[in-house]
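For reference, positions follow the sequence shown, starting with 1. These numbers come from a predicted model, not from an experiment.
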Amino acid sequence: MQNKRIQILSTKALDEALLTEAANHEIDIDCLPFIETIPVVNNDITDAVNLLRDKFITAIFTSSRSVTAVAALLDKDVNWNIYCLFGATKEQVQIHFSQSAVHATAADSASLAAEIIETGIKEVYFFCGDKRMDTIPEKLAGKANLKELVVYTTHEVTHTLEQSFDGLLFFSPSAVKSFCSTNHIDAATICFAVGNTTARSLQPFTKNIITAATASAEAMIDKVKEAFNKI
C-alpha cells in the first residue's frame with residue numbers, strides 16, 4: 001500500500017526550495033498567509049533610526065521583519081551591540097548588520113531579556129512591530145531604559161478553510177489570532193509553533209502543539225518530518 005502523503009498548511013509563505021524538499025519526504029505544504037507586515041516609512045521613523053546610525057547602541061530584534069525594516073531605512077551599515085532571537089532573526093541580522101556584534105541570542109523574548117539584565121546594560125533600543133508582545137518591556141522595566149521604535153505594522157488577513165490538514169505551521173502569535181478568528185483547530189491536527197511565545201498563543205485553541213528547536217522554517221519542517229515519521 002502506498003504511503004499517505006501528509007497535508008500541511010503554512011500560515012506564511014515559504015521558500016520554494018523548502019517546499020520541494022518537504023515534498024520529497026511525502027509532505028505537501030500549502031502556503032496561505034494569515035498576516036501581512038508593512039514597514040513603517042515616514043520622516044519621523046527614518047530620522048529616528050538614522051540618528052542612531054553612527055552611535056554604538058544596544059539594539060534588540062525579536063523578529064526578522066524588524067531587522068529588514070531597519071536595514072531599509074539606513075544608508076550604510078552600523079556598528080551596534082545586538083541582542084536577537086536566534087534562527088531567522090539572527091540570520092537577517094548577520095546579513096544586514098555584518099559590522100555589528102551579536103552579543104547574545106535566545107530562543108524567546110523572556111530569555112533574551114534575561115541576557116540583557118545579566119549584563120547590566122542601562123539603555124537599549126527595541127526595534128519592533130506595532131503588535132509586539134509585552135515580554136521585553138515588562139522584563140526590562142526598572143532594569144534598563146528601554147527606547148522602543150515601531151518599524152513595521154502587522155495586519156490580519158483572514159481566510160476560512162474548506163479542507164482539513166494534518167498539520168498547521170504558525171510563525172507568530174498574530175498569525176494564530178488571525179487563523180483562529182475564522183477557523184477551528186481539530187483535536188487531531190498537529191500545530192507546529194516557531195517558538196515558545198507562538199506556542200503559548202496556541203494553548204487556548206489546542207493542546208496538540210509541537211515547538212521548533214530553533215526559530216526557523218527549516219526547523220519547523222524538521223519537526224513535521226519527525227512527527228509524521230517522514231525522516
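Residues K139 and I117 approach most closely at O-CD1, 3.4 Å, considering heavy atoms. Considering every non-hydrogen atom in both K230 and I27, the closest pair reads CB-CD1, 4.0 Å. When all heavy atoms of T68 and Q92 are compared, the closest pair comes out as CG2-OE1, 3.4 Å. Between C191 and L202, the shortest heavy-atom distance links the atoms CB-CD1, 3.9 Å. Taking each heavy atom of L169 and T11 in turn, the nearest pair found is O-OG1, 2.7 Å. Between I8 and D166, the shortest heavy-atom distance links the atoms CD1-C, 4.4 Å.
Note: the hydrophobic cluster containing V124 does not contain F127 (ILVMFWY, side chain heavy atoms under 4.5 Å, direct or indirect links).
Side chains of T153 and V40 form a contact here, defined as non-hydrogen atoms less than 4.5 Å apart. The shortest distance between side-chain heavy atoms of F61 and V102 does not fall below 4.5 Å. For the pair L140/I60, a side-chain contact is recorded, criterion being any heavy-atom separation below 4.5 Å from C-beta on. Residues Y83 and I136 form no side-chain contact, since every pair of their non-hydrogen atoms from C-beta on lies 4.5 Å or further apart. Inter-residue side-chain proximity for P173 and T197 is flagged as met; some heavy-atom pair is nearer than 4.5 Å.
Classification of K131 and E156 as a salt-bridged pair fails, no side-chain N sitting under 4.0 Å from a carboxylate O.
For the pair K12 and F171, the distance from NZ or CZ to the six-membered ring centre is under 6.0 Å and the angle to the ring normal is within 45 degrees.
Ring planes of F97 and W80: tilted class, angle from 30 to 60°.
Atom CG of L112 sits about 5.5 Å away from atom CG of L85, to the nearest 0.5 Å. L74 contributes atom CG, which lies 11.0 Å from atom NE2 of H96 (distance to the nearest 0.5 angstrom). In this structure, the separation between CD on E91 and SG on C84 is 10.0 Å, given to the nearest 0.5 Å.
Within 6.0 Å of CG in N79 there are more than 12 heavy atoms belonging to other residues, nucleotides or ligands. The number of heavy atoms from other shown groups lying within 6.0 Å of CG (N229) does not exceed 12.
Here the two rings, on F205 and F170, have centers that are 6.0 Å apart or farther.
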